[in-house]
Amino acid sequence: MSVLEIRDLHVTVETEAGETPILNGVTLTVRTGETHAIMGPNGSGKSTLAYTIAGHPKYTVTSGSITFDGQDVLEMSVDERARAGLFLAMQYPVEIPGVTVTNFLRTAKTAIDGEAPSIRAWSKDVKQAMKNLRMDPKFAARNVNEGFSGGEKKRHEILQLELLQPKLAVLDETDSGLDVDALKIVSEGVNRAKEQTDMGVLLITHYTRILRYIKPDFVHVLVGGRVAEEGGPELAARLEEEGYDRFLAPVDADEA
């Protein structure tokens, strides 16, 4: 069993006004086989948490710790985190001109495993994964995310997830921009990857609709850079009904 442990994490980001605190003491434990949903209003620090785990240089950890299987994640480079078994599906996947999907996937697999996969077995795995995600086989020859629609980019993220088989996946608003059919297909891909590898999932979302397909074991509400409440799936149902108003400071009528 692999374990991601986040303890009293404080993170800042550089803005025009200087260093701005975003996370203000997040504590969280995610184990393989578990699905955790991180929910909260805009600006609560959800994406900051995801990118800090992945090692984005924009974010500065001022105190606290992140460990994965006892290793200090904050001392690892981005590629070392990936080889350790951490995966990030980005909210806004970037385009990589000149690099085909086929080359990107095989290079990533080789870097993570330390050796190149067998051409015949790898080609079979890629074709099957693309078929499962209802991706046109022609996408394999296209440049990564170049000219892809929002839904196609998200499917490509889950294609990577299925093929790279991480121990723990952080999914940053994977449901954003997806129609009902695409949401179901992407969710099925996440569930399929979890069934095959027993990976842990840290699912970041504003809405509960994706949780109808990817069932969370735990739900954490992030507000103001802190975990304001934790619970099971019933908490997500309550959030859908009530929203986040009860977590937010009331606005004085004279200030409104």
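Not measured: the values here are computed from a predicted model. Note that these values count all heavy atoms, side chains included, but never hydrogens, waters or copies made by symmetry.
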Peer 1: Is K46 reaching over with its side chain to a backbone N or O of P41, donor-acceptor style, under 3.5 angstrom?
Peer 2: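 Answer holds: yes.
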Peer 1: Considering only heavy atoms from C-beta outward, does the side chain of T110 approach that of P117 to under 4.5 Å?
Peer 2: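 SC-SC contact between T110 and P117 confirmed.
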Peer 1: Mind checking the CD-OG1 spacing from E230 to T27? Nearest 0.5 Å is all I need.
Peer 2: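 One gets 9.0 Å once the value is rounded to the nearest 0.5 Å.
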Peer 1: Are L74 and I22 connected in the hydrophobic side-chain network, where two residues link if heavy atoms are under 4.5 Å apart?
Peer 2: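 Both belong to a single hydrophobic cluster.
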Peer 1: When you compare the side chain of E229 with that of L235, does any pair of heavy atoms fall below 4.5 Å?
Peer 2: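 The answer is yes, as the side chains (C-beta and beyond) meet within the 4.5 Å cut-off.
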Peer 1: Testing T32, L168, L161 one by one against M199 for a side-chain contact (heavy atoms from CB on, under 4.5 Å), which residue passes?
Peer 2: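 Exactly one candidate clears the test, L161.
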Peer 1: For E95 and G147, which heavy atoms make the closest approach, and how far apart are they?
Peer 2: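 Between these two residues, the closest heavy atoms are OE2-N, 3.8 Å.
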Peer 1: Report yes or no: does R81 contribute a side-chain atom to a donor-acceptor pair with the main-chain N or O of I53 at less than 3.5 Å?
Peer 2: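 Pair found, side chain donor or acceptor close to backbone of I53.
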Peer 1: Would you list the pairs meeting salt bridge (charged side-chain N to carboxylate O under 4.0 Å, His left out) in which at least one residue belongs to residues 49-74, sequence neighbours left out?
Peer 2: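 Applying salt bridge (charged side-chain N to carboxylate O under 4.0 Å, His left out) to every pair that reaches into residues 49-74, excluding sequence neighbours, yields D69-K167.
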Peer 1: Go through the steps to decide whether Y51 and V170 satisfy the test side chain to side chain contact (heavy atoms under 4.5 Å, CB included), and finish with yes or no.
Peer 2: CA-CA 9 Å; Y51 287 110; V170 180; over 6 Å; no
Peer 1: List the residues meeting side chain to side chain contact (heavy atoms under 4.5 Å, CB included) with V78, not counting sequence neighbours, and say none if there are none.
Peer 2: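 Side chain to side chain contact (heavy atoms under 4.5 Å, CB included) list for V78, sorted by chain: empty.
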Peer 1: Using the six-membered ring wherever Trp is involved, compare the ring planes of F247 and Y244 and label them parallel, tilted or perpendicular (cut-offs 30° and 60°).
Peer 2: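 Rings of F247 and Y244: tilted, as their planes differ by 30° to 60°.
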Peer 1: Taking the basic N atoms (NZ, or NE/NH1/NH2) and the acidic carboxylate oxygens, is any pair closer than 4.0 Å for R83 and D79?
Peer 2: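 Yes, R83 and D79 are salt-bridged.
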Peer 1: Please, which pairs that meet ring pair (Phe, Tyr, Trp, His ring centres under 6.0 Å) have at least one residue in residues 158-180, sequence neighbours excluded?
Peer 2: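 As it turns out, there is no ring pair (Phe, Tyr, Trp, His ring centres under 6.0 Å) pair with a partner in residues 158-180 once direct neighbours are skipped.
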Peer 1: Under the criterion side chain to side chain donor-acceptor pair (under 3.5 Å), which of E240, E241, R238 is the partner of T208?
Peer 2: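 With T208 as partner, E240, E241, R238 yield a single side chain to side chain donor-acceptor pair (under 3.5 Å), made by E240.
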Peer 1: Looking at CG of D198 and CZ of R31, how far apart are the two atoms once the value is rounded to the nearest 0.5 Å?
Peer 2: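 Going from the CG atom of D198 to the CZ atom of R31 covers 13.0 Å.
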Peer 1: Does the pair R155 and V186 meet the rule for a side chain to side chain contact (heavy atoms under 4.5 Å, CB included), with working shown?
Peer 2: CA-CA 6 Å; R155 292 190 202 200; V186 163; 4.1 Å; yes
Peer 1: Mind checking what makes salt bridge (Lys or Arg N to Asp or Glu O under 4.0 Å) contact with E188, not counting sequence neighbours?
Peer 2: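 None.
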Peer 1: Do I210 and S187 touch side chain to side chain, with heavy atoms closer than 4.5 Å?
Peer 2: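 Yes, close enough: below the 4.5 Å cut-off.
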Peer 1: Would you sort out whether E242 and R246 count as a salt bridge (charged side-chain N to carboxylate O under 4.0 Å, His left out), showing the intermediate values?
Peer 2: CA-CA 8 Å; E242 300 178 359; R246 64 193 176 92; 3.2 Å; yes
Peer 1: Output, in order, the C-alpha distance, side-chain angles, deciding distance and verdict of side chain to side chain contact (heavy atoms under 4.5 Å, CB included) for Y59 and L23.
Peer 2: CA-CA 10 Å; Y59 303 96; L23 298 184; over 6 Å; no
Peer 1: Pick out which of H156, Q160, K154 makes a side-chain contact (heavy atoms from CB on, under 4.5 Å) with P93.
Peer 2: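 Checked H156, Q160, K154 against P93; only one passes side-chain contact (heavy atoms from CB on, under 4.5 Å): K154.
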Peer 1: Is the backbone N or O of G224 less than 3.5 Å from a side-chain atom of S44, with the two atoms forming a donor-acceptor pair by type?
Peer 2: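 No; zero donor-acceptor contacts below 3.5 Å.
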Peer 1: With sequence neighbours left out, what residues match D125 under salt bridge (Lys or Arg N to Asp or Glu O under 4.0 Å)?
Peer 2: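 Applying salt bridge (Lys or Arg N to Asp or Glu O under 4.0 Å) to D125 gives none.
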Peer 1: Look at the side-chain heavy atoms of Ile, Leu, Val, Met, Phe, Trp and Tyr, link any pair under 4.5 Å apart, and say whether M130 and V99 land in one connected group.
Peer 2: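 Same cluster: M130 reaches V99 through Ile, Leu, Val, Met, Phe, Trp or Tyr contacts under 4.5 Å.
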Peer 1: How about CZ on R7, more than 12 heavy atoms from neighbouring residues, nucleotides or ligands closer than 6.0 Å, or not?
Peer 2: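 Check passes, neighbour count above 12.
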Peer 1: With a 3.5 Å distance limit and no angle check, can you tell me whether S123 reaches the backbone of R120 through a side-chain donor-acceptor pair?
Peer 2: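 Not at all, since once roles are kept as given, no pair shorter than 3.5 Å links the two residues.
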Peer 1: Are T29 and L4 packed together at the side-chain level, in the sense that at least one heavy-atom pair is separated by less than 4.5 angstrom?
Peer 2: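 The answer is no, as the side chains (C-beta and beyond) never meet within the 4.5 Å cut-off.
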Peer 1: Run the side-chain hydrogen bond (donor to acceptor under 3.5 Å, both in side chains) test against N24 and tell me which residues pass, sequence neighbours left out.
Peer 2: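 If we apply the side-chain hydrogen bond (donor to acceptor under 3.5 Å, both in side chains) test to N24, skipping adjacent residues, there are no hits.
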Peer 1: Could you name each residue pair satisfying ring pair (Phe, Tyr, Trp, His ring centres under 6.0 Å) that touches residues 6-47, not counting sequence neighbours?
Peer 2: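 The answer is H36-F218, H36-H220.
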Peer 1: Tell me if a side-chain donor or acceptor on S149 pairs with a main-chain N or O of E152 at a distance below 3.5 Å.
Peer 2: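 Side chain of S149 to backbone of E152, a donor-acceptor pair under 3.5 Å: yes, one is there.
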Peer 1: For the pair E19 and T12, evaluate side-chain hydrogen bond (donor to acceptor under 3.5 Å, both in side chains) and give the outcome as yes or no after the intermediate values.
Peer 2: CA-CA 6 Å; E19 287 290 330; T12 64; 2.6 Å; yes
Peer 1: Does the side chain of L159 reach to within under 4.5 Å of the side chain of M135, using non-hydrogen atoms?
Peer 2: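 Yes, at least one pair of side-chain atoms sits under 4.5 Å.
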Peer 1: Check whether any side-chain N or O of N145 sits under 3.5 Å from a backbone N or O of F148 as a donor-acceptor pair, and report yes or no.
Peer 2: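 Absent.
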Peer 1: Starting at CD1 of I158, measure out to CG of L133 and round the result to the nearest 0.5 Å.
Peer 2: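 The distance works out to 7.5 Å.
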Peer 1: As an exercise, state the distance from OH of Y213 to CD1 of I185, rounded to the nearest 0.5 Å.
Peer 2: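 The OH atom of Y213 sits 10.5 Å away from the CD1 atom of I185.
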Peer 1: Taking all heavy atoms of A129 and all of L163, pick out the closest pair and write down the distance.
Peer 2: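 Reported closest heavy-atom pair: CB-CD2, 4.1 Å.
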Peer 1: Could you give all pairs that pass the ring pair (Phe, Tyr, Trp, His ring centres under 6.0 Å) test and reach residues 64-89, with sequence neighbours left out?
Peer 2: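 For residues 64-89, and leaving out neighbouring residues, there are no ring pair (Phe, Tyr, Trp, His ring centres under 6.0 Å) pairs at all.
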Peer 1: Could you tell me the separation between the CG atom of L49 and the CG atom of L28, rounded to the nearest 0.5 Å?
Peer 2: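 Here the rounded value is 7.0 Å.
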Peer 1: Which residues satisfy the side chain to side chain contact (heavy atoms under 4.5 Å, CB included) test with T100, sequence neighbours excluded?
Peer 2: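 If we apply the side chain to side chain contact (heavy atoms under 4.5 Å, CB included) test to T100, skipping adjacent residues, the hits are T102, N103, N143.
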Peer 1: Hey, is E157 close enough to K153 for a salt bridge, meaning N to O under 4.0 Å?
Peer 2: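 Result for this pair is no, no salt bridge flagged.
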Peer 1: Any side-chain heavy atom of T60 sitting closer than 4.5 Å to one from V13?
Peer 2: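 They are not in side-chain contact.
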Peer 1: Would you indicate whether the side-chain heavy atoms of H206 and M39 approach each other to under 4.5 Å?
Peer 2: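 Side-chain contact under 4.5 Å: no.
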Peer 1: Quick check: are there more than 12 heavy atoms from other residues, nucleotides or ligands sitting under 6.0 Å from CD of Q196?
Peer 2: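 Check passes, neighbour count above 12.
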Peer 1: Kindly write out the residues that satisfy salt bridge (Lys or Arg N to Asp or Glu O under 4.0 Å) with E162, not counting sequence neighbours, or none if the list is empty.
Peer 2: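 With sequence neighbours excluded, E162 shows a salt bridge (Lys or Arg N to Asp or Glu O under 4.0 Å) to R192, given in chain and number order.
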Peer 1: Identify the heavy atoms of L211 and A37 that sit nearest to each other, and give their distance.
Peer 2: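 Looking at all heavy atoms of both residues, the closest pair is CD2-CB, 4.0 Å.
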Peer 1: Measure the spacing between CD1 of I38 and CD of E173 and express it to the nearest 0.5 Å.
Peer 2: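 Rounded to the nearest 0.5 Å, the CD1-CD separation comes to 12.0 Å.
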Peer 1: With sequence neighbours excluded, what pairs up with R209 under the side-chain hydrogen bond (donor to acceptor under 3.5 Å, both in side chains) test?
Peer 2: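 Result, side-chain hydrogen bond (donor to acceptor under 3.5 Å, both in side chains) vs R209: none returned.
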Peer 1: Does the side chain of T35 come within less than 4.5 Å of V190's, by heavy atoms?
Peer 2: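 V190 does not reach T35 side chain to side chain.
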Peer 1: Between the main-chain N or O of G33 and the side-chain N or O of K194, is there a donor-acceptor pair closer than 3.5 Å?
Peer 2: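 Yes, because the side chain of K194 sits within donor-acceptor range (under 3.5 Å) of the backbone of G33.
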Peer 1: Taking only residues two or more places apart in sequence or in another chain, which ones pass salt bridge (Lys or Arg N to Asp or Glu O under 4.0 Å) with E234?
Peer 2: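 For E234 there are no salt bridge (Lys or Arg N to Asp or Glu O under 4.0 Å) partners, ignoring immediate neighbours.
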Peer 1: Can you find a side-chain donor-acceptor pair between N132 and Q128 that sits under 3.5 Å?
Peer 2: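 Q128 and N132 do have a side-chain donor-acceptor pair below 3.5 Å.
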